Amino acid sequence: MADPYPTCWLNGEYLPLAEARISPLDRGFLFADGAYEVVPVHRGRPFRMRQHLERFDRSLAELRIGNPLPLAGWVEVTNTLVAATSATELLVYLQVTRGMEYGRNHLFPPATVEPTGFAFVSPYPQPAQSLLERGLAGVTLEDTRWARCDIKSVALLANVLLRQEAQDKGGSEAILTRDGRVTEGSSSTVFIVRDGKLVTPPNDHSILPGTSRDAVIELAAGWLPVEIRTFSVDDMRSASEVWIASAGRGVLPVTSVDGKAIGTGTPGATWLSMYARLQQHLDAIAARPALVDA
Ligand SMILES: Cc1ncc(COP(=O)(O)O)c(C=O)c1O
């Protein structure tokens, strides 16, 4: 993307991102009162678009914020923003807040207040070859977030602090724990490979139901047994492989946790196969319409 400020979409209008403005009275700014999605575009096609949009709709419904666009409207916005760039590997960011009103009141504003809708694209941060060859370092931290992590809320302060703490301790992802069990990464789903099985925690209020999580589980079908269950930090430390998965980073191997090697301390054969399967899958579906699942 040559232009660092491509076209964005704000409340029904397309305009240069550098010119986009919202009010400082917006409840997204004052209270982090909103929800968001990050949709990856691979080979020019939004990946798992329907799942992202359904999760967006669900997050907004849980927050009791009206969705300003139907599913097809968000697809059109996404396709328009992608088409306005020359890139084929992108991240599309979608956000809706409860809108703005004069004053500052925790209670919901009157129904006449319109939600604020915003969308922009940015280049996909491709993982460096060295990262794929060596894997990344995870750092375990106590999960200090709220009790509704299943909602993709823009209130990300705990995630921000946890990710920074992991970075400060030499890691690239915070692996979050509650009462000795692993929940998820600060912005990713966690998988372990143990006894030849792929294990990931169940979707409940303590984790975000990940779109990449589901893609990985589907790609494992007929090849790798999958167990959806909680697992402990000790289970993770003694696993043969640990992975993280997210729309923004794909599926990546975690080769050390808290400075100690996982398995051989190099990306495992199972991850390598999953990574290759994901790339093949993205190639195979590249020409499908955006809303066909997968
Ligand atoms: C807290 C958290 N968990 C999991 C994920 C992975 O979700 P997805 O695969 O849909 O990106 C994310 C993505 O940003 C996240 O922020």
Side-chain angles (χ1 to χ4, degrees), residues 32 34-42 46-60 62-63 74 78 89-95 121-122 124-127 136 138-167 171-178 181-192 198-220 226 228 230 236 242-252 254 274-275 278 281-282 290 293-294:
Y36 76 107
E37 274 300 324
V38 178
V39 185
V41 172
H42 295 299
F47 183 46
R48 299 189 82 89
M49 186 67 175
R50 181 182 294 280
Q51 204 189 340
H52 279 283
L53 292 179
E54 285 174 355
R55 186 173 67 183
F56 198 25
D57 210 43
R58 180 183 171 277
S59 294
L60 289 168
E62 290 287 342
L63 299 178
W74 286 114
T78 300
E89 298 287 316
L90 294 158
L91 288 177
V92 182
Y93 180 85
L94 313 174
Q95 176 174 339
V121 288
S122 55
Y124 189 86
Q126 293 292 354
L136 59 84
V139 173
T140 57
L141 292 172
E142 182 65 29
D143 195 342
T144 49
R145 300 172 304 161
W146 70 332
R148 290 302 308 272
C149 297
D150 56 311
I151 300 171
K152 202 163 168 67
S153 147
V154 294
L156 288 171
L157 190 51
N159 306 60
V160 166
L161 292 174
L162 289 162
R163 176 74 193 275
Q164 187 61 47
E165 188 175 342
Q167 183 88 6
S172 307
E173 177 59 307
I175 297 185
L176 307 179
T177 69
R178 282 190 207 246
R181 73 186 166 91
V182 174
T183 53
E184 59 181 345
S186 71
S187 61
S188 60
T189 300
V190 177
F191 289 90
I192 59 173
L198 183 63
V199 187
T200 197
N203 281 334
D204 58 22
H205 285 182
S206 65
I207 70 165
L208 184 76
T211 59
S212 317
R213 172 187 187 275
D214 288 356
V216 164
I217 290 171
E218 285 170 27
L219 288 168
V226 176
I228 309 290
T230 55
M236 175 177 65
V242 177
W243 311 343
I244 56 164
S246 72
R249 296 208 265 184
V251 49
L252 292 176
V254 178
M274 176 57 77
Y275 184 79
L278 178 59
H281 178 62
L282 294 173
D293 276 338

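Just so it is clear, the model here is predicted, and its values are computed rather than measured. Remember, it's 1-based here, ligands and their atoms both numbered in the order they're listed.
- Any N or O atom pair closer than 3.5 Å counts here, and Arg213 shares no such pair with ligand 1.
- Residue-level proximity to ligand 1 for Cys149 is absent, since no heavy atom of it falls below 4.0 angstrom.
- Under 4.0 Å from ligand 1, the heavy atoms of Arg145 that appear belong solely to its side chain.
- The shortest N/O to N/O separation between Ala247 and ligand 1 falls below 3.5 Å.
- The residue from Ala245, Gly210, Ala215 that puts a heavy atom closest to atom 7 (O) of ligand 1 is Gly210.
- Ranking protein heavy atoms by distance to atom 9 (O) of ligand 1, first place goes to Ser212 OG, 2.6 Å.
- Arg178 meets the salt bridge (Lys or Arg N to Asp or Glu O under 4.0 Å) test with Asp143; sequence neighbours excluded.
- At a 3.5 angstrom cut-off on N or O pairs, Arg55 counts as close to ligand 1.
- Heavy atoms of Thr189 come nearer than 4.0 angstrom to ligand 1 in at least one pair.
- With sequence neighbours left out, His42 forms a ring pair (Phe, Tyr, Trp, His ring centres under 6.0 Å) with Tyr124.
- Near Ser186, with a cut-off below 4.0 Å to any heavy atom, the atoms of ligand 1 are 1 (C).
- Arg55 contributes a side-chain N or O that, together with a main-chain N or O of Pro209, makes up a donor-acceptor pair within less than 3.5 Å.
- The closest protein non-hydrogen atom to atom 16 (O) of ligand 1 is Ser187 CA, 3.3 Å.
- Some N or O of Glu184 is nearer than 3.5 Å to an N or O of ligand 1, by distance alone.
- Geometrically, ligand 1 and Lys152 share a nitrogen or oxygen pair separated by less than 3.5 Å.
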